[in-house]
J.: 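Take a look at the following structure, please.
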Number of protein chains: 2
Amino acid sequence: MDQVEIFKALSNKSRLEILNWLKNPELHFQAEHRNDAGVCVGIIQEKSGLTQSTISEYLTILKRAGLIEATRVGQWTFYKRNEEAFAALSKLIGSEI
Amino acid sequence: MDQVEIFKALSNKSRLEILNWLKNPELHFQAEHRNDAGVCVGIIQEKSGLTQSTISEYLTILKRAGLIEATRVGQWTFYKRNEEAFAALSKLIGSEI
DNA sequence: AAGGTATATCGGAAAATCCCGATATCCCAA
DNA sequence: TTGGGATATCGGGATTTTCCGATATACCTT
């Protein structure tokens, strides 16, 4: 758990927004674009207004930080939050840092 | 409470180290360099190995993010943690973000 | 008032981040 | 096996961050 990497991943308005969307996918994405594995890249990109390459990069940054997980299904990659990582981070800030 | 500003402030190894020192000043600094208002800049600088200007800037960054507080006493500025900010951040990550 | 000490601010070179367009890869369907 | 759609990676210009040395400001002492 690289603390600096995690905080860098969180140091961006767009990435925080994505994490917020992924917290309650049913509030932000139509049913056909989500499943148990999360939400596909394209629909996140569409909602964000940023380019496909930027969103793909941002999702990779969040994934490397351990904050989200990816599942490939056919041509789609679905991303969802790793809630355990957030719980651990919350605990870390409340005690260690 | 600007979330991005807070996470940016935390996105640096040296600043995390400073926050860690300030969490238990009695473990990291001699009694003559600390008081109820915190720890003075010079002793943090000495311990960090970074330059005076860099440490002053880093403390300002942490202060602007609301993570630490400054108290001027004579020619010294003492800095201490704002534990409420950390508690709020922990809570935020555990529920909102 | 003058000199010394502690801290803050300024100016800048190097490195990192932001976000893009172009291109590559992967996978499915025909 | 070829074409098309979804995602990942590459290369790069603009901006921000990192950390420094030099300088300014604040305060204390004499």
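Basis for what follows: all heavy atoms, side chains included, without hydrogens, waters or symmetry-related copies. So you know, we letter chains A, B, ... as the sequences are listed, proteins then strands, and number each from 1.
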J.: In whole angstroms, how far is the C1' atom of D:dT15 from the NZ atom of A:Lys13?
T.: 18 Å

J.: How close do B:Ile93 and A:Leu89 get, heavy atom to heavy atom, and via which atoms?
T.: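 Smallest interatomic distance, heavy atoms only, reads CD1-CD2, 3.8 Å.
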
J.: Rounded to whole angstrom units, what separation is found between the CD atom of B:Gln45 and the P atom of C:dA8?
T.: 12 Å

J.: Whole angstrom is fine here: how far is it from CG in A:Leu59 over to P in D:dA8?
T.: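 Distance, rounded to whole Å: 7 Å.
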
J.: Decide whether a cation-pi geometry holds between A:Arg72 and A:Phe78; the criteria are a distance under 6.0 Å from NZ or CZ to the six-membered ring centre and an angle within 45° of the ring axis.
T.: no

J.: Counting C-beta onward and ignoring hydrogens, is there a side-chain heavy-atom pair between A:Tyr58 and A:Leu50 closer than 4.5 Å?
T.: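 The answer is yes, as the side chains (C-beta and beyond) meet within the 4.5 Å cut-off.
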
J.: Quick check against the 3.5 Å criterion: does A:Arg15 have a side-chain atom that pairs as donor or acceptor with the backbone of A:Lys8?
T.: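 The answer is yes, because a donor-acceptor pair under 3.5 Å joins these two groups.
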
J.: Show the nearest heavy-atom pair for residues B:Asn82 and B:Gly66, with the distance to one decimal.
T.: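 Between these two residues, the closest heavy atoms are ND2-O, 3.1 Å.
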
J.: Within this structure, what is the CG-to-P distance between A:Leu62 and C:dC18, rounded to whole angstrom?
T.: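 So the CG-P distance, A:Leu62 to C:dC18, works out to 11 Å.
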
J.: Determine whether A:Ile6 and A:Met1 make a side-chain contact, defined as any pair of heavy atoms from C-beta on separated by less than 4.5 Å.
T.: yes

J.: Rounded to the Å, how far apart are A:Ile55 CD1 and C:dG21 P?
T.: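 Atom CD1 in A:Ile55 sits about 13 Å away from atom P in C:dG21.
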
J.: Does some side-chain heavy atom of B:Thr77 sit less than 4.5 Å from a side-chain heavy atom of B:Thr71?
T.: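 No; the side chains remain at least 4.5 Å from each other.
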
J.: Whole angstrom is fine here: how far is it from CD in B:Glu46 over to P in C:dT5?
T.: 15 Å

J.: For A:Tyr79, report the nucleic acid contact type (base, sugar-phosphate, nothing); a contact means any heavy atom under 4.0 Å.
T.: sugar-phosphate

J.: Of the residues in residues 21-38 of chain A, which ones touch DNA chain D at a heavy-atom distance under 4.0 Å?
T.: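 Contacting residues: none.
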
J.: Output one letter per nucleotide in nucleotides 25-30 of chain D: B when a protein non-hydrogen atom lies under 4.0 Å from the base, S when only the sugar-phosphate is that close, - when neither is.
T.: --BS--

J.: Testing B:Arg34, B:Glu32, B:His28 one by one against B:Gln30 for a side chain to side chain contact (heavy atoms under 4.5 Å, CB included), which residue passes?
T.: B:Glu32

J.: Are side-chain N/O atoms of A:Thr54 and A:Thr51 paired as donor and acceptor at under 3.5 Å?
T.: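 Per modelled atom types, A:Thr54 and A:Thr51 side chains form a pair under 3.5 Å.
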
J.: Looking only at heavy atoms, what is the nearest atom pair of A:Ala9 and A:Leu62, with distance?
T.: O-CD2, 4.0 Å

J.: Can you tell me how far P of D:dT7 sits from CD1 of A:Ile44, to the nearest Å?
T.: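 In whole Å, D:dT7 P and A:Ile44 CD1 are 9 Å from each other.
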
J.: Does NZ in B:Lys23 sit with more than 12 non-hydrogen atoms of other residues, nucleotides or ligands closer than 6.0 Å?
T.: yes

J.: Set out, line by line, the N/O atom pairs under 3.5 Å between protein and nucleotides 16-19 of chain D.
T.:
{"unit_1": "D:dT17", "atom_1": "OP1", "unit_2": "B:Lys8", "atom_2": "NZ", "d": "2.9"}
{"unit_1": "D:dT18", "atom_1": "OP1", "unit_2": "B:Arg15", "atom_2": "NH2", "d": "3.3"}
{"unit_1": "D:dT18", "atom_1": "OP2", "unit_2": "B:Arg15", "atom_2": "NH1", "d": "3.2"}
{"unit_1": "D:dT18", "atom_1": "OP2", "unit_2": "B:Arg15", "atom_2": "NH2", "d": "3.3"}
{"unit_1": "D:dC19", "atom_1": "OP2", "unit_2": "B:Asn12", "atom_2": "ND2", "d": "3.2"}
{"unit_1": "D:dC19", "atom_1": "OP2", "unit_2": "B:Tyr58", "atom_2": "OH", "d": "2.1"}
{"unit_1": "D:dC19", "atom_1": "O5'", "unit_2": "B:Tyr58", "atom_2": "OH", "d": "3.4"}
{"unit_1": "D:dC19", "atom_1": "N4", "unit_2": "B:Glu57", "atom_2": "OE1", "d": "3.3"}

J.: Across the strands shown, which category fits A:Ser53 at heavy-atom distances under 4.0 angstrom: base, sugar-phosphate, nothing?
T.: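 Answer is base: heavy atoms of A:Ser53 come under 4.0 Å of a base.
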
